[in-house]
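All figures in this text were calculated on a predicted structure; none of them were measured in a lab. Sequence lines set the chain letters: A, B, ... in the order given, protein chains first and strands last, and positions in each chain run from 1.
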Number of protein chains: 2
Amino acid sequence: MARTRQRTPNEVALIGRHTQQRSVVLAAFIRADGFVGAQALHSQLAADGTPVGLSTVYRTLTRLADAGRADLVRDPGGERLFRYRPGPDHRHYLICTECGLNRPVDSGPIEDWADGIAQDSGFAHVRHTVELSGVCPDCGRAPATAERR
Amino acid sequence: MARTRQRTPNEVALIGRHTQQRSVVLAAFIRADGFVGAQALHSQLAADGTPVGLSTVYRTLTRLADAGRADLVRDPGGERLFRYRPGPDHRHYLICTECGLNRPVDSGPIEDWADGIAQDSGFAHVRHTVELSGVCPDCGRAPATAERR
DNA sequence: CGCTAGGTGCAAATGATTTTCACATCAATG
DNA sequence: CATTGATGTGAAAATCATTTGCACCTAGCG
């Protein structure tokens, strides 16, 4: 419950000019600590009393991703979900399809495997996307609204 | 160069009623032998002289995927790409971002890793998506039109 | 303090996918 | 073989997430 980190994240500098909107978006994004969609973040901001245009949210997240400060995955519905990435390395997550709970997993083996493939194949700039999804213990126990599909 | 497999794939049975359109879509889909988007398949069919409504192509592919006969990945642009899956197991591919060339890779390690994660996490119905992309030797050598993103 | 490149927001444009709905077809039946 | 109710089909309209056009701001420098 310490500082609410309301101060402008210096990450703003990495993506251009420093503006109020960017600070707010960035702060909320970092605070989200997990995967968020642009729309969700936009709603969150509105709810927080610091509304920012949807386009701006999109623009900010896109820039962050381009700058390598955010990872990007796809919702089964096709929505882009962003996750703040503090460091240069990336991680992989196991996401609950019911409640959205997500936890990082040990991806060492994957990295090694991917590197090996890259070597053997002769392909350059090999990148990988790994998404794990399932039903977390809680949801598995209490099938919520059990809305499937 | 034997039979052109123009006969109706019996897979049709798995997704409902057997109609001309489904046979054609399915045949083309199987013949595509790799990832195809609904739109591409639709164009292909038109070019082949067996036009089928775009909606029908979408419906057919979606059903196949639901029935577990097709794998699904996302284009960086957000387009859904389907790949016919003959058996119950799935494979992972390394796709060239320049020319689309794709080759299966040995995914044994991944399967094991994913299974391990599933075990440890307590999550149920754990599924995984793995996408590897890079630039194939040919494209790396001759940077084509070198249009990036 | 004034300037200007870069930002911002809204609304309209895109693009892929889905749905609606009137019409055509399948496949079991009489 | 004709009937018929369930399904499937296609064209166009509807959705949805995301992008873009454009007129209006503003950070940050001189």
Value for CG (A:Leu61) from CG (A:Leu72), rounded to nearest 0.5 Å, stands at 9.5 Å
Spacing of B:Leu41 atom CG relative to C:dA16 atom P, expressed in whole Å: 15 Å
Are B:Val57 and B:Leu45 close enough that some pair of their side-chain heavy atoms sits under 4.5 Å apart? yes
Between A:Arg22 (side chain only) and A:Thr60 (backbone N and O only), is there a donor and an acceptor less than 3.5 Å apart? no
Taking only N and O in the side chain of B:Arg22, is any of them less than 4.0 Å away from OP1 or OP2 of D:dT9? yes
Could you state the atom-to-atom distance from CD1 of B:Ile15 to P of C:dC26 in whole Å? 15 Å
Interface polar pairs with nucleotides 11-18 of chain D, N/O, under 3.5 angstrom:
from	atom 1	to	atom 2	distance (Å)
D:dA11	N6	B:Ser55	OG	3.4
D:dA17	O5'	A:Gln39	NE2	3.4
D:dT18	OP1	A:Arg80	N	2.7
D:dT18	OP2	A:Tyr58	OH	2.3
D:dT18	O5'	A:Tyr58	OH	3.1

Please check: side-chain N/O of B:Trp113 versus main-chain N/O of A:Asp106, any donor-acceptor pairing under 3.5 Å? yes
If I take atom NE2 in residue B:His42 and atom C1' in nucleotide C:dA16, what distance separates them, rounded to the nearest angstrom? 13 Å
Using whole Å, what does the distance between atom P of nucleotide D:dT9 and atom CZ of B:Arg17 come to? 10 Å
Please report, rounded to the nearest Å, how far the C1' atom of C:dT8 is from the CD atom of A:Gln21. 6 Å
Can you measure from CG (A:Leu94) to CZ (B:Phe123) and round to the nearest 0.5 angstrom? 4.0 Å
Once the angle between the rings of A:His92 and A:His128 is folded into 0 to 90°, is it parallel (under 30°), tilted (30 to 60°) or perpendicular (over 60°)? tilted
Could you tell me how far apart B:Leu61 (CG) and D:dT9 (P) are, to the nearest whole angstrom? 12 Å
